[in-house]
There are 2 protein chains.
Amino acid sequence: MARPREFDPEEAMDKAMTLFWDVGYEEASLSELLAAMEITKGSFYKAFQDKQSIYLASLDRYNDNVISGTVAYLSDAAQGTGRDRILGLFEKVAQAVKADGDRLGCFLCNALIDKAAEGGEAENKLQAMVHRLENAFFKALSDDRPRDDAGNRETARGVLSAYFGLRVLGRAGLSTQMAADCIRQVERLLER
Amino acid sequence: MARPREFDPEEAMDKAMTLFWDVGYEEASLSELLAAMEITKGSFYKAFQDKQSIYLASLDRYNDNVISGTVAYLSDAAQGTGRDRILGLFEKVAQAVKADGDRLGCFLCNALIDKAAEGGEAENKLQAMVHRLENAFFKALSDDRPRDDAGNRETARGVLSAYFGLRVLGRAGLSTQMAADCIRQVERLLER
DNA sequence: ACGATTAGGAACCGATCGGTACAAAACACA
DNA sequence: TGTGTTTTGTACCGATCGGTTCCTAATCGT
């Protein structure tokens, strides 16, 4: 061993992820990245390969931390019925939109729109995350109504698109009332 | 008068709009813009002020052409009931996603995610477009059920978020089946 | 105490960014 | 056929882009 690094790579990655999350790939310049991560170029290129690969790593990190958390919440029976959990998630999203002045939204949703993803490795990662979310909704629905696979799959997809829709509207700065209305409509999807 | 211009400003604007639509503000470099518009720098800066203002003009153009078309379709009684028109719109979106290899999606939706919009004039334009869409859904619903303003407003917002959700999933490259499932869920929102 | 080894930081790289200046080219009008 | 006016293309601008080089600073094992 020799000189130890002066920064926490995990922390730095988190800062990088948040910046990509906030402004997307292109808009996050290397200098902004360095400022956010509080390291200099030397350390950056030593610890991470380049901008592209730290972006991919950020996607993985989001998958491992945020998406996994959401999936866990959706399948946590302690949170109530499947319906309760799904509505709870939407409630949390609405809260986040209301509280979060910066309107981060959902990294997955943002990255899907961000053209930087297209074609390469990123696209596969994103599609995998979309499927994880869809399946999490599906399983939550199946907990309540175990025998209706076809119906639950359909509903899961409807809920998924409502989820992304709410995220988009969040970036538009939707009102509390509008968020509440959107959630009421999700409730109707869960009815029957 | 003197030397006439050799390009059609309307056509050039259309090309610019399509590029912004496709890749967003930052990712559309000036040289890509010039290539797409098939003009050179001199003409560009003479005819349009700068990159920022042609972007704003692109948003206006999208509003005037595409959004207006959508709004007109949603309020065209010749297309059937309000329900028919809304489902028809979703059907068209699904078709576009299936056909369109480039997966343009919806400029409004993309721009909402694109951080370039934030804070300035663009944000107002985007919010105005969101409201136009919401109101168009609302009116279509009101044609079928004239007395339920509160319910229609709520449903309109749910449909709006489903619309954006479908657009996001479109960028993710959703399957025909998935699009069909999403639309079936919109049908359920329109029920009752 | 002393190499070996690694991190940190600054100088530097060519390329490209958005934007300007200006001269040559192409028209209208006289 | 000038002459004035506008468009067009090109050369150029400083700034910044992502990335590399390389020297110095710091800490290890011995």
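Residue numbers start from 1 in every chain, and the chains themselves are labelled A, B, ... in the order their sequence lines are given, proteins ahead of strands. Note that the coordinates shown come from a computational prediction; the quantities given were computed from them, not determined experimentally.
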Using a 4.0 Å heavy-atom cut-off, does [X] contact any base of the nucleic acid, only the sugar-phosphate backbone, or nothing at all?
X: B:Thr40; answer: base
X: B:Lys46; answer: base
X: B:Phe44; answer: nothing

Round to a whole Å and report the spacing from [atom1] of [X] to [atom2] of [N].
X: A:Leu34; N: C:dG8; atom1: CG; atom2: C1'; value: 12 Å
X: B:Glu38; N: D:dG9; atom1: CD; atom2: C1'; value: 16 Å
X: B:Leu33; N: C:dT16; atom1: CG; atom2: C1'; value: 15 Å
X: A:Arg5; N: C:dT5; atom1: CZ; atom2: C1'; value: 14 Å
X: B:Gln52; N: C:dC17; atom1: CD; atom2: C1'; value: 15 Å
X: B:Leu30; N: D:dT16; atom1: CG; atom2: P; value: 17 Å
X: B:Gln49; N: C:dT20; atom1: CD; atom2: P; value: 11 Å
X: A:Glu27; N: D:dC17; atom1: CD; atom2: C1'; value: 14 Å

For [N] and [X] - does any side-chain N or O of the residue sit under 4.0 Å from the phosphate oxygens OP1/OP2?
X: A:Lys51; N: D:dG18; result: yes
X: A:Ser31; N: D:dC17; result: yes
X: B:Ser43; N: D:dT7; result: no

[X] and [Y]: side-chain donor and acceptor closer than 3.5 Å?
X: B:Asp181; Y: B:Gln185; value: no
X: B:Ser68; Y: B:Arg132; value: yes
X: A:Asn135; Y: A:Arg153; value: yes

Closest-nucleotide 5' rank along DNA chain C - winner of B:Glu32 and A:Phe7:
A:Phe7

From [options], nucleotide with atom closest to [X] side chain:
X: A:Tyr45; options: D:dC17, D:dC12, D:dG19; answer: D:dG19
X: A:Lys41; options: D:dC17, C:dC12, D:dT5; answer: C:dC12
X: A:Asp50; options: C:dG8, D:dG19, C:dC17; answer: D:dG19

Please determine whether the number of non-hydrogen atoms from other residues, nucleotides or ligands lying under 6.0 Å from atom NZ of A:Lys125 exceeds 12.
yes

Could you pick out which residue, B:Gly42 or A:Glu6, lies toward the 5' side of DNA chain D when each is mapped onto its nearest nucleotide?
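Comparing both residues, the 5'-ward one is B:Gly42.
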
Aromatic ring pairing A:Phe7/A:Phe48, orientation class (parallel under 30°, perpendicular over 60°, tilted between):
tilted

Would you kindly check whether a donor in the side chain of A:Arg3 faces an acceptor in the base of C:dA7, or vice versa, at under 3.5 angstrom?
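Donor-acceptor pair under 3.5 Å: yes.
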
